[in-house]
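All residue numbers in this chain count up from 1 along the given sequence.
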Amino acid sequence: MSTHKSEFIQTLVERGFLHQCTDLETLDARAAREVITAYVGYDATADSLHIGNLVSIMMLHWLQQTGHQPIVLMGGGTTKVGDPSGKDETRQILTDEKINENISSIRQTFDSFLTFGEGASDAIMVNNASWLDELAYIPLLRDIGRHFTINRMLTFDSVKLRLDREQPLTFLEFNYMILQAYDFLELAKRHDCALQMGGSDQWGNIINGIELGRRAAERELYGLTTPLITTATGAKMGKTAAGAVWLRPERYSPYDYWQFWRNTEDADVGRFLKLFTTLPLDEITRLDALQGSEINDAKKVLATSATALLHGADAAREAAETSEKTFESGVTADGLPTTDVPKAELESGIALFALLARAGLAGSNSEGRRLIKGGGARVNDVAVAEETAEITADSINDDGVIKLSAGKKRHALIRPV
């Protein structure tokens, strides 16, 4: 493996974060001799980020750990427009109040990965509404719009995807790439930010910002992207039967998060240990070499390390202990995700497929039906094959709950109230 001048670039390469870079050699040399300020942008369309954002969050983490300054750019302004990259539909318009609530909620996630403060390498969180909301339309067209050609904008994947599929692309969304480029220019001016990082789908938007910085301010800026993370089966990472894997505990419990990592495919363990934990590389090499049933030990290390990073060591330990009780000791553990259901509903009877969906073990009623039909549904550890099966108060076990299972590794409790 080649050796780079800066610890930052070397770390990204060794751990598998680097996909593309506009000028890797120059950026590497600059990072070796001075503090680099870099940013990643996140739109506030929900009150939580999800596991698809975790690669870029970890990249900001390593940026700071190697002595550089991260900027978390929250898209208070761009969320009102909507990034068309990878989207088939126009994004729902959110109110300013809702966007600000989402940003406040998301900030708590970053506190787990970054140190915020006033120091040279301390992270800062910036809201692009602070400059985008103040823009006057005619000056923007005159000063910024002249640096963009419609011909080139039509070649970007985010635009071509919609047009090729004959899906509507609003003029509002078409302007997103201009606003994102303007973000980079503003951060360069305000915070001497020299590097934008993001997923591979952001490459075109990042290039726009670099070119705008050169043309409008004669600044030398850089772009760096991560690869699209897929599992060994080729599936997009983070997709589950129950939907997105959220990073806020209110959306996705620490236990479920631990289980998500515990269920990693054997072939992905080493790669995910590098990307999503801070374990030393020699320890990762040792874990990745485990064979047979011992690979489960590596998966538990992955699950506990990743969960501790996000939710803290205590939550990770509790999730691991709950899992051990549930799977290895055969008892119903208190730490399992729990859904309260009125006892009156249970006395009347609830369709099992609907209960699976309510408990988060299936993404919808139809997915619940498929789970039952495929033989993956269990009630109190007993398989249920009848697609129309109903669950009643008779199913309440000695612990006063009903244990539902989706396959061998995902469980939830129904608690009558």
Go through the steps for Leu287 and Leu279 under the test side chain to side chain contact (heavy atoms under 4.5 Å, CB included), then give the verdict.
CA-CA 10 Å; Leu287 291 168; Leu279 291 174; 4.2 Å; yes
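- Checking side-chain atoms of Asp122 against main-chain N and O of Glu118 turns up a donor-acceptor pair under 3.5 Å.
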Check step by step if side chain to side chain contact (heavy atoms under 4.5 Å, CB included) holds for Leu224 and Leu18.
CA-CA 7 Å; Leu224 188 154; Leu18 185 62; 3.6 Å; yes
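- Thr339 contributes atom OG1, which lies 8.5 Å from atom CG of Leu404 (distance to the nearest 0.5 angstrom).
- Thr37 has its side chain out of reach of Tyr39: every pair of non-hydrogen atoms, C-beta onward, lies at least 4.5 Å apart.
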Derivation and outcome, side chain to side chain contact (heavy atoms under 4.5 Å, CB included), residues Val126 and Glu186
CA-CA 11 Å; Val126 180; Glu186 282 295 313; over 6 Å; no
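- Under the 4.0 Å criterion applied to side-chain N and carboxylate O atoms, Arg219 and Asp192 are assigned as salt-bridge partners.
- Proximity of a side-chain donor or acceptor of Arg410 to a complementary backbone N or O of Ala362 within less than 3.5 Å is not detected.
- Smallest separation of non-hydrogen atoms from His147 and Ala216: NE2-CB, 4.0 Å.
- With salt bridges taken as basic N to acidic carboxylate O contacts below 4.0 Å, one links Asp266 and Lys299.
- Looking at Gln10, its side chain does come within 3.5 Å of a backbone N or O of His4 through a donor-acceptor pair.
- The CG atom of Asn205 sits 6.0 Å away from atom CE of Met177, with the distance rounded to the nearest 0.5 Å.
- Side chain of Asn102 to main chain of Ala44: a donor-acceptor pair is present (N/O by atom type, distance under 3.5 Å, no hydrogens or angles).
- Side chains of Ile51 and Trp261 form a contact here, defined as non-hydrogen atoms less than 4.5 Å apart.
- Remark: side-chain polar atoms of Thr22 are paired, donor with acceptor, to backbone N or O of Gly223 under 3.5 angstrom.
- In this structure, the separation between OG1 on Thr278 and CD on Glu283 is 11.5 Å, given to the nearest 0.5 Å.
- Within 6.0 Å of CD on Glu250 lie more than 12 heavy atoms contributed by other residues, nucleotides or ligands.
- Met237 is not listed as a side-chain neighbour of Thr230, based on a closest heavy-atom distance of 4.5 Å or more.
- To the nearest 0.5 Å, atom CG of residue Leu132 and atom CD of residue Gln180 are 10.5 Å apart.
- Taking a cutoff of 4.0 Å between a charged side-chain nitrogen and a carboxylate oxygen, Arg286 and Asp282 do not qualify as a salt bridge.
- Side-chain atoms of Arg152 and Asn208, non-hydrogen and from C-beta on, do get closer than 4.5 Å to each other.
- Listed for the Ser112 side chain is a donor-acceptor partner under 3.5 Å among the backbone atoms of Leu310.
- Looking at Lys274 and Asp288, no side-chain N of the basic residue comes within less than 4.0 Å of a carboxylate O on the acidic one, giving no salt bridge.
- When only modelled atom types and interatomic distance are considered, Ser56 and Tyr42 share a side-chain donor-acceptor pair under 3.5 Å.
- Shown here for Leu356 and Ala377, the closest heavy-atom pair between the two residues is CD1-CB, 4.1 Å.
- Here the CG atom belonging to Asn296 is positioned 12.0 Å from the CG atom belonging to Leu302, to the nearest 0.5 angstrom.
- Of the candidates Leu309, Ile57, Val55, Phe276 forms a side-chain contact (heavy atoms from CB on, under 4.5 Å) with just one, namely Val55.
- Between Asp340 and Thr338 the shortest side-chain heavy-atom distance falls below 4.5 Å.
- Using modelled atom types, one finds a donor on one side chain and an acceptor on the other under 3.5 Å when comparing Gln108 with Arg248.
- Looking at every heavy atom in both residues, Phe113 comes nearest to His61 through O-ND1, 2.9 Å.
- A donor-acceptor contact closer than 3.5 angstrom links the side chains of Asp28 and Ser6.
- For the pair Arg251 and Ala46, the tightest heavy-atom approach, listed with the atom from each and the gap, is NH2-CB, 3.9 Å.
- When every heavy atom of Pro254 is checked against every heavy atom of Ala315, the shortest pair comes out as CB-CB, 4.1 Å.
- Across Pro337 and His411, no two heavy atoms sit closer than the pair CD-O, 3.7 Å.
- Considering only heavy atoms from C-beta on, Arg358 comes within 4.5 Å of Ile350 through its side chain.
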Side chain to side chain donor-acceptor pair (under 3.5 Å) assessment of Asp47 paired with Trp246
CA-CA 10 Å; Asp47 62 2; Trp246 299 99; over 6 Å; no
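- Residues Asn128 and Thr78 bring a donor and an acceptor atom of their side chains to less than 3.5 Å of each other.
- A cation-pi arrangement is absent between Arg30 and Tyr222, since the terminal nitrogen or guanidinium carbon is not both under 6.0 Å from the aromatic centre and inside a 45° cone about the axis.
- Looking at Asn100, its side chain never comes within 3.5 Å of a backbone N or O of Glu97 through a donor-acceptor pair.
- Side-chain contact between Leu371 and Phe353: absent, with no pair of heavy atoms (C-beta onward) separated by less than 4.5 Å.
- Judged purely by atom type and a 3.5 angstrom limit, Ser323 has no side-chain atom pairing as donor or acceptor with the backbone of Ala319.
- Residue-environment remark: CD (Gln20) exceeds the threshold of 12 foreign heavy atoms within 6.0 Å.
- One N or O on the side chain of Thr66 and one on the backbone of Leu63 form a donor-acceptor pair closer than 3.5 Å.
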Quick one: do Asp96 and Lys80 satisfy side chain to side chain contact (heavy atoms under 4.5 Å, CB included)? Show the steps, please.
CA-CA 8 Å; Asp96 287 359; Lys80 301 170 189 176; 3.0 Å; yes
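- Met59 is listed as a side-chain neighbour of Leu12, based on a closest heavy-atom distance under 4.5 Å.
- One finds the CZ atom of Arg215 at 8.0 Å from the CZ atom of Phe148 (value rounded to the nearest 0.5 Å).
- For Asn127 (side chain) and Ala129 (main-chain N/O), a donor-acceptor pair under 3.5 Å exists by modelled atom type.
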